There are 2 protein chains.
Amino acid sequence: MTQPTMQQVAEAAGVSTALVSLVMRGAPNVSDKRRALVLKAVDELGYRPNVLARNLASRRTHTLGVVVNDLHNSFFAEMVDGIQTTAAANGYRILIGNGQHSRRGEADAIETLLQLRVDGLVLAGAVVTEGEMERAAKSAAVVAIGRTASSLEIDTVNCDESVGARLVIDHLVSLGHRRISHIDGGSGAGAATRRQGYEAWMREYGLGDCINTAGGDFSESGGYNAADELLTLHPRPTAIFAANDLSAAGALDRVEDAGLDVPSDLAIVGYDNTGLAAMHHLSLTTINQPRGEFGRIATELILQRLDDGRSTAVHHVVAPTLVVRRTSGPHVEASREGEVAS
Amino acid sequence: MTQPTMQQVAEAAGVSTALVSLVMRGAPNVSDKRRALVLKAVDELGYRPNVLARNLASRRTHTLGVVVNDLHNSFFAEMVDGIQTTAAANGYRILIGNGQHSRRGEADAIETLLQLRVDGLVLAGAVVTEGEMERAAKSAAVVAIGRTASSLEIDTVNCDESVGARLVIDHLVSLGHRRISHIDGGSGAGAATRRQGYEAWMREYGLGDCINTAGGDFSESGGYNAADELLTLHPRPTAIFAANDLSAAGALDRVEDAGLDVPSDLAIVGYDNTGLAAMHHLSLTTINQPRGEFGRIATELILQRLDDGRSTAVHHVVAPTLVVRRTSGPHVEASREGEVAS
DNA sequence: CGTGGAGATGAGAGCGCTCTAATCCGGAGG
DNA sequence: CCTCCGGATTAGAGCGCTCTCATCTCCACG
């Protein structure tokens with residue numbers, strides 16, 4: 001279990017440890033002869049550099065820490081892909097810390113990563129306080145995805161939720177909808193901005209009177225209950241804009257239970273473009289956030305601080321896009337006429 | 001950006017670095033007076049122990065590496081929770097490496113973690129070769145989840161797929177089904193054992209004649225196409241056992257497109273009990289694997305090697321359970337009678 | 001054949017911590 | 001008041017590597 005050291009490799013190859021170090025780091029000024037000698041020894045001994053010692057001595061880990069708020073949320077997976085790809089392309093490795101969905105867990109993960117002396121830290125959907133982020137920023141380059149930060153030391157990457165809301169309203173209005181209700185995300189991350197965007201764009205279209213928000217909590221059952229509430233309205237809304245896909249799915253359930261047809265009786269639009277939305281079964285119109293892009297940009301921001309020495313904060317805002325699927329369609333007055341006729 | 005060291009803390013507190021070290025590690029034989037002195041200095045300087053140096057000096061990292069094959073698969077999230085909880089309870093922290101769904105990515109992640117000198121390594125759904133696992137086992141305690149290993153150095157944790165298949169067949173047969181078809185997972189992990197279990201238990205019930213497998217690939221569209229194929233059979237199967245939830249969802253789609261009712265015309269059972277299956281909209285009967293349990297057991301196996309010095313391999317097999325939801329119900333001959341009547 | 005200089009190699013001092021062995025200290029016991 | 005003892009404290013030698021200099025090679029050039 002005890003591993004060979006650079007010292008042993010040096011002895012086996014008949015050179016100095018400094019030379020072995022150079023070879024291991026791929027330095028250019030090493031003769032082919034010695035390089036071969038060293039590599040042979042490395043191979044025979046099964047030598048594996050001790051990153052701990054290396055990092056300690058070089059005061060640089062070339063490692064980025066990624067703290068995800070919740071591993072269960074597949075939203076983060078693509079983000080991590082983007083981070084990992086960009087990091088690898090620049091000679092950095094990544095280490096993932098799991099926030100376990102709590103502020104405490106997140107703080108622990110950050111601490112662990114900082115103790116390991118990561119060069120940079122990507123906080124994805126972090127719920128820790130800004131103070132904790134600033135504290136972290138004293139030891140590493142920090143970028144937060146999906147939240148704001150006012151410190152000069154912290155960069156951010158966000159999606160323009162207002163644009164997202166606008167895309168939804170634009171889409172629905174162009175389909176002839178006017179009574180567009182919203183199912184919000186309660187106190188969840190991003191819920192407030194989405195709701196504000198909804199209200200702002202409704203007013204922009206002169207539909208201030210039609211603004212109507214039912215309380216949700218980003219969950220399926222929350223969406224179900226909110227839809228239940230919306231269905232009792234007179235006149236009934238012709239479209240529902242849910243704050244995320246899961247609650248849209250819940251709403252869809254409730255609406256279909258009521259015997260209404262989606263989208264002809266009622267259109268439903270979600271948010272996030274999760275795997276769920278793409279399922280044939282649901283085929284939900286939704287807003288897509290470029291998650292891989294988030295990761296890529298976040299990583300680049302860190303690299304700028306690390307390698308280019310930038311020291312002012314950059315706040316990146318990315319525009320979301322609309323993905324049209326089955327659950328949205330032209331407004332049809334059928335159901336209302338039906339009511340009148342009966 | 002440069003961080004305070006133990007040296008500085010010692011000076012500030014007017015004690016030796018050795019004493020600071022003792023305080024940081026919570027040693028018992030330190031007077032309250034000095035301890036307070038040290039903690040005060042730590043706090044004022046914002047000192048954070050350098051894990052790199054600590055690990056280097058102590059030759060122990062108290063860190064477990066977790067390599068997940070694919071972060072996108074939420075299957076692993078619960079497993080990681082189990083690992084993390086158990087590890088934390090025993091004074092270990094975890095670091096997650098992402099295999100990026102490829103053998104190469106996995107090998108890289110393993111190498112990174114080993115270079116960091118993790119004490120143990122949990123390979124979740126790993127696709128690396130056994131040789132690579134054995135190589136890793138030379139440097140850390142290794143346990144593989146969801147695959148076999150013959151080395152004495154490697155423990156494993158697996159689910160008994162045969163029992164899973166049996167639970168499904170038992171359930172369907174007890175509901176009166178006989179013509180139970182299978183949608184398999186092609187060459188995916190676990191697909192073969194699930195298919196074999198299906199066939200074995202069908203024979204056990206004397207239903208060898210009804211064995212019928214349509215090729216899938218663990219995907220939604222694969223399930224859809226397989227169901228398409230199964231619906232052309234005469235007589236048509238009355239139940240479908242899909243190798244995972246996603247293909248079950250695809251099958252469900254196809255079956256409902258055909259105007260058949262689930263479960264009265266055709267029952268559908270999935271496998272894995274993913275979040276998908278739990279959705280009200282699908283409400284899929286499926287097989288649950290105790291994922292958190294996997295993680296817990298895997299971690300305990302590692303701790304046994306690490307702290308108790310076990311040196312023989314242990315292969316743990318866990319039993320899955322059946323989760324009955326909406327998509328399975330008694331066999332009703334209605335559709336067939338309907339055909340006869342027309 | 002001597003010389004200069006660029007490229008290749010080596011010596012050695014840390015990096016920040018742990019850990020062993022040695023030292024210190026205060027009070028119980030004589 | 002001295003001795004002794006055990007807990008509290010410290011000195012100092014590493015852990016395995018990097019990095020700065022110093023040194024050594026070797027060959028083109030005069």
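Note that the structure is predicted; figures quoted are calculated from it, not measured. Chain identifiers are assigned alphabetically (A, B, ...) following the order of the sequence lines, protein sequences preceding nucleic acid strands; residue numbering begins at 1 within each chain.
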Original post:
Nearest of dC17(D), dC17(C), dT10(D) to any side-chain atom of Thr5(A)?
Top reply: dC17(D)

Original post:
Counting side-chain heavy atoms from CB outward, which of dT10(D), dG14(D), dT18(D) is closest to Ala57(A)?
Top reply: dT18(D)

**OP:** Whole angstrom is fine here: how far is it from CZ in Arg60(A) over to C1' in dC19(D)?
**Re:** 15 Å

Subject >> Nearest-nucleotide pick for Arg54(A), side chain only, options being dG10(C), dT18(D), dC17(C) >> reply: dT18(D)

Original post:
Which whole-number value in Å describes the distance from Asn55(A) CG to dC15(C) C1'?
Top reply: 11 Å

**OP:** Return the residues of residues 28-46 of chain B meeting this criterion: a heavy atom under 4.0 Å from some atom of DNA chain C. Order them by number, or give none.
**Re:** none

**OP:** With side chain to side chain donor-acceptor pair (under 3.5 Å) as the test, would you mind laying out the steps for Ser139(A) and Gln3(B) before giving the verdict?
**Re:** CA-CA 7 Å; Ser139(A) 320; Gln3(B) 309 225 358; 2.8 Å; yes

Original post:
Under 4.0 Å: is that the gap between some side-chain N or O of Ser16(A) and OP1 or OP2 of dG10(C)?
Top reply: yes

Subject >> Length of the line joining Gln7(A):CD and dA11(C):C1', which is rounded to integer Å >> reply: 12 Å

Original post:
Going by distance alone, is a donor N or O of one side chain under 3.5 Å from an acceptor N or O of the other, for Glu130(A) and Ser151(A)?
Top reply: no

**OP:** Take the protein atom CG of Leu19(A) and the nucleotide atom P of dG12(C), then report the distance between them rounded to whole Å.
**Re:** 16 Å

Original post:
If you pin Val15(B) and Ala18(A) to their nearest nucleotides in DNA chain D, which one's is more 5'?
Top reply: Val15(B)

Original post:
Choosing from dC17(D), dG16(C), dA11(C), which nucleotide comes nearest the side chain of Leu56(B)?
Top reply: dG16(C)

Original post:
Separation of Leu22(A) atom CG from dT20(D) atom P, in whole Å?
Top reply: 11 Å

Subject >> Charged N-O contact under 4.0 Å between Glu44(A) and Lys40(A) >> reply: yes

Original post:
Given dG16(D), dG10(C), dC17(C), which nucleotide is nearest the side-chain atoms of Asn50(A)?
Top reply: dG16(D)

Original post:
Whole Å only: how far is the CZ atom of Arg59(A) from the P atom of dT18(D)?
Top reply: 12 Å

Original post:
Taking atom P of dG16(C) as reference, at what distance in whole Å does atom OH of Tyr47(B) sit?
Top reply: 10 Å

Subject >> Euclidean distance, His315(A) NE2 relative to Leu301(A) CG, rounded to 0.5 Å >> reply: 10.0 Å

Original post:
Looking only at side chains, do Gln304(A) and Glu300(A) share a donor and an acceptor under 3.5 Å apart?
Top reply: no

Original post:
Looking for any heavy atom pair under 4.0 Å, which part of the strands does Val20(B) touch: base, sugar-phosphate only, or nothing?
Top reply: nothing

Original post:
Just how far, in rounded Å, is P of dG16(D) from CD of Gln8(A)?
Top reply: 8 Å

Subject >> Ser21(B) side chain, from C-beta outward: closest of dC17(D), dT9(D), dT18(C) >> reply: dT18(C)

**OP:** Drop me the distance from Met79(B)'s CE to Ile297(B)'s CD1, to the nearest 0.5 angstrom.
**Re:** 11.5 Å

Subject >> Partners meeting side-chain contact (heavy atoms from CB on, under 4.5 Å) with Asp70(A) (sequence neighbours left out) >> reply: His72(A), Asn73(A), Phe76(A), His101(A)

